[in-house]
Every structure is written in structure tokens, then in C-alpha cells.
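Throughout, protein chains are lettered first and strands after them, A, B, ... in sequence-line order, and every chain is numbered starting at 1.
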Amino acid sequence: MGAAPLLFWTAVWALAARAVGQELLIPAPSSVLEHLAAIVRDESFFAVIGTSFLRIICGFATGCLTGVVLAALCSLSKVLKAVFSPAVDMISSVPVTSFIILVMLWLRYSLVPVFISALLVMPVIFGNVMTGISQTDPLLIETAKIYRIGPWKALTELYIPSVLPYFYSGAVTGIGLAWKSGIAAEVLALPKNAIGSDMYYSKLYLETADLFAWTIIVAVFSLALSRLLSFFVKKTAPKAQKAADPKEDCHEA
Amino acid sequence: MKLDSVTVRYGEKLVLDRFSLDVGLGITCLKGPSGCGKTTLLRVMSGLIIPDSGTVTGRPGRISFMFQEDRLFPWLTVLENVKLVCGDAQKSMDLLKAVELEKEAGSLPSSLSGGMKRRVAMARALAFDCGMLLLDEPFKGMDPDLTRRLIPLITSLDVPVIAATHSEEELALLGGRVIAMEPAQHVMKPAAHQIWADPFASTDTAG
């Protein structure tokens, strides 16, 4: 967001806070800023942020890995595709809170955000990688066949470069999802050292300004992670990106 | 390689009608208008198409095919594209020199002109260790001088070469025997393909 829209929406927020006149419902931007500074200065801040970050990144990585492996297997076998595709579709359509509550019965509370992040990321990566595999140029596949390019070389020189732009597109979408769903899981599971737990307690003690401050922190982190990943993708995969940009039919969550 | 009464249809369309041909060492050129089945015939020879009827015997185990499209791997450099099929960097570089593209070895195909891409595809086809070389419009997009300089790369090979082209000049330069083809669906007689002598090469019959 540029500076002008940011100023505009902060002004709208300030006017709304003044019109409502109750800190409990809509705290003023200045008040939220004070609370934000207090949260950042708190000695537990980095432990909270770091632990939440670690959980979510672990979930994201697990989701990516599972999505890629599952997509590869489903591309190789029609039977596996028939079995797993509806299951992945179902995961995408079930509300995340249902999963969070269910997973809380199965796992330690500190692992719930990891599992939930992975669960939300996996279908996005699965969908994109499946699309990438199916979009691999049939003429190049035929060429690889004529020139007797073995399975390993075909994987590294043909399929991976073809799929990579689709994977990256899914990963950029997935990192935002992992962050949001991971925090939601923390709000319900209340593990120690967690942004979501602190948000929940802010709500419990009617510290609306704290809740706003945490929300700003989460939004900034989510945005920063997506941007960081996009930057990393552009730096590491210029050739693949140039060669095969993802088509519009990429799965977007 | 021997093709015996090969028939290929794409749905309702008859592309090759009981086509017979013997291919031995040297160059065999396929000439004819677009849509007469030259590419289909090359694809049958390569084993990429299984004919609806008829037989293909004596097909070598490894066949190199320079397709009508360049089919370069867009994320690989020019050198990597050639090296992909032979695994030998020196041989690939030598072939790039032969097609006058050594300066472009590190470039991606997207930065090359159509004729340059064609030459990379040619270098790749020549790099592949094979028992037969199939060329589909190999000099498309190249100027006549360059074509003349590249022709010896093809004519000096000691494997059977089958080249499809509709350029009379290329036919003359390549030499060898010429198989003239016509669209199969227009041929009403049982002899599917009328074959006639080529002004530049030995007479041959097929069909």
C-alpha cells in the first residue's frame, strides 16, 4: 500500500474511532500505536513472534512437501489421482475452524498451528503442481522420448523447470494462507509463546487496542513474508520464470 | 528400414494410403506440398506414430529427429540444449561451431532468431548418436548462403538420412534420391503415391 492510501484509511479509521467514541469498540490510531510500541518493547515479543514464525514456516514447508509429492504421485497414477483428488478438494472446502477443533483433540496444542498451516498450504501446492505437470509441453516430452532422455534427466531438465513457476505461484499464495491459518489455530489452541494466544488474551481482557496492534503485526508479517518469497523467487528462478510464466488457470486460494 | 503398405488416418482424414518405401544408406528426400504427409511419414519412421495398417521393419534402435518445430528447452542455454542429448560438452561445442553458433552457446533460445533456433535444433539432432537421421524442413528460416554452408554437415553423415523439404534448391543441394508425395485423399487409384523422377537425382519408385 502506498503512503497516500495508507494516510487516507488511517484518517477514515481515526474519524470512525472519534464518531463511535468508545476505545473498547474502535480504539484511535494513536492509542493502537502506543500499544504497538509497548508490545514490541516487551521482552517476550521476539520469543512470541519467533515461535509463531517457526511453527508456521514448519507447517508451510510440510504443506509444500506433501503437496508436491502427492501431485507427483497423482500425475503418475490415475488410481491415486482418483483417490486423492476428492480428498484434497474436501480439505479445501471444509472450514478451517472445524479442522482446528478436530486437530486439537489429536495433537499437542503447540503442534496444532503447524498441522493447520500444512493442511491449508497442501491443496494450493497440489493444485498448482498438478496444473504445472499437465501443462508441460507435450512436444518437449516427445522430444525427450526421441532423444532417449532418461527419467532422472527428464525430471530435472524438463518437468521441474516446467512446474517450478506454478509451484512458486502456489508458494507465494500459500505463505499468506499458512500465516493466517496458523494464527487462527493459535487463537483456538492457545499454545505458549504465540501471537494467536496473545490476541486471544487481548480479546479476553477487552484490550481492543492490543488486538488491533497484534492484527497490524500479523498483517505486516504476512505481507513481508509474501514479498520476501516473491523476491526470492525472482532472484533464484529467472530462467524458469522467463521460460514459462504460470498461466491464468493456476489454482488460487 | 522398410515401410510396407503403410496407412495412417487422422480421424476421417487419410494421410498416408498404402505407402511403401525402402530406405538405405545415403540421403532420401521427401518432397511435396504442405499437408501431403511428409511429416506423418517421418513420424511413422521414427516410431512416434503407429500406422493404422501396414508394417515398418528394420527400424534402428536410436533415431535422431529434427522436428518441424525447433522444440528447444527454453530454460536451457544453447550449449545445454545440445549437450542434453549427447552428454558431451566438447562434441556439443564442436557442433555449435559447425552451425556457426559458438558465440551463442551461453544464450537462452528466447534470445535467438528463428533461423538460429533452427541451427541449434540441427546441432542437437547431429549430436545424438543414432542409426538414422530424420529431418523435417531442416533449413526453414535460413538464407541460401547459410544453407549451402550447412549442407555438407548432412551429406557427410554415414547413416541413412531422410529429409522432408519443399525447396527445389535444397533438394538439389542435398542430392540423393527424391520421393515426391501428394495428398493421399486426392489419389483415387490404388497406387497411393505417384512417384516420379527427380531432375537432380536418381529415379526411384515407391507406393
Tell me, do [X] and [Y] make a side-chain contact under 4.5 Å, heavy atoms counted?
X	Y	value
R124(B)	T143(A)	yes
F73(B)	D137(A)	no
Y147(A)	S64(B)	yes
P161(A)	L76(B)	no

Less than 4.5 Å to any heavy atom of chain A: does that hold for the side chain of [X], its backbone, both, or neither?
X	answer
A125(B)	both
F67(B)	side chain
I63(B)	backbone
L84(B)	both

Original post:
Side chain, backbone, both or neither: which part of I149(A) has an atom under 4.5 Å from a heavy atom of chain B?
Top reply: side chain
**OP:** List the steps and the verdict of side chain to side chain contact (heavy atoms under 4.5 Å, CB included) for W75(B) and L158(A).
**Re:** CA-CA 9 Å; W75(B) 40 81; L158(A) 174 57; 4.1 Å; yes
Is it the case that more than 12 heavy atoms not belonging to [X] sit under 6.0 Å from its [atom1] atom?
X	atom1	answer
Y10(B)	OH	yes
K91(B)	NZ	yes
K180(A)	NZ	no
F53(A)	CZ	no

Original post:
Looking at CZ of R148(A) and SG of C86(B), how far apart are the two atoms once the value is rounded to the nearest 0.5 Å?
Top reply: 15.5 Å
**OP:** Using a strict cut-off of less than 4.0 Å between a Lys/Arg side-chain nitrogen and an Asp/Glu carboxylate oxygen, indicate whether K83(B) and E157(A) qualify as a salt bridge.
**Re:** no
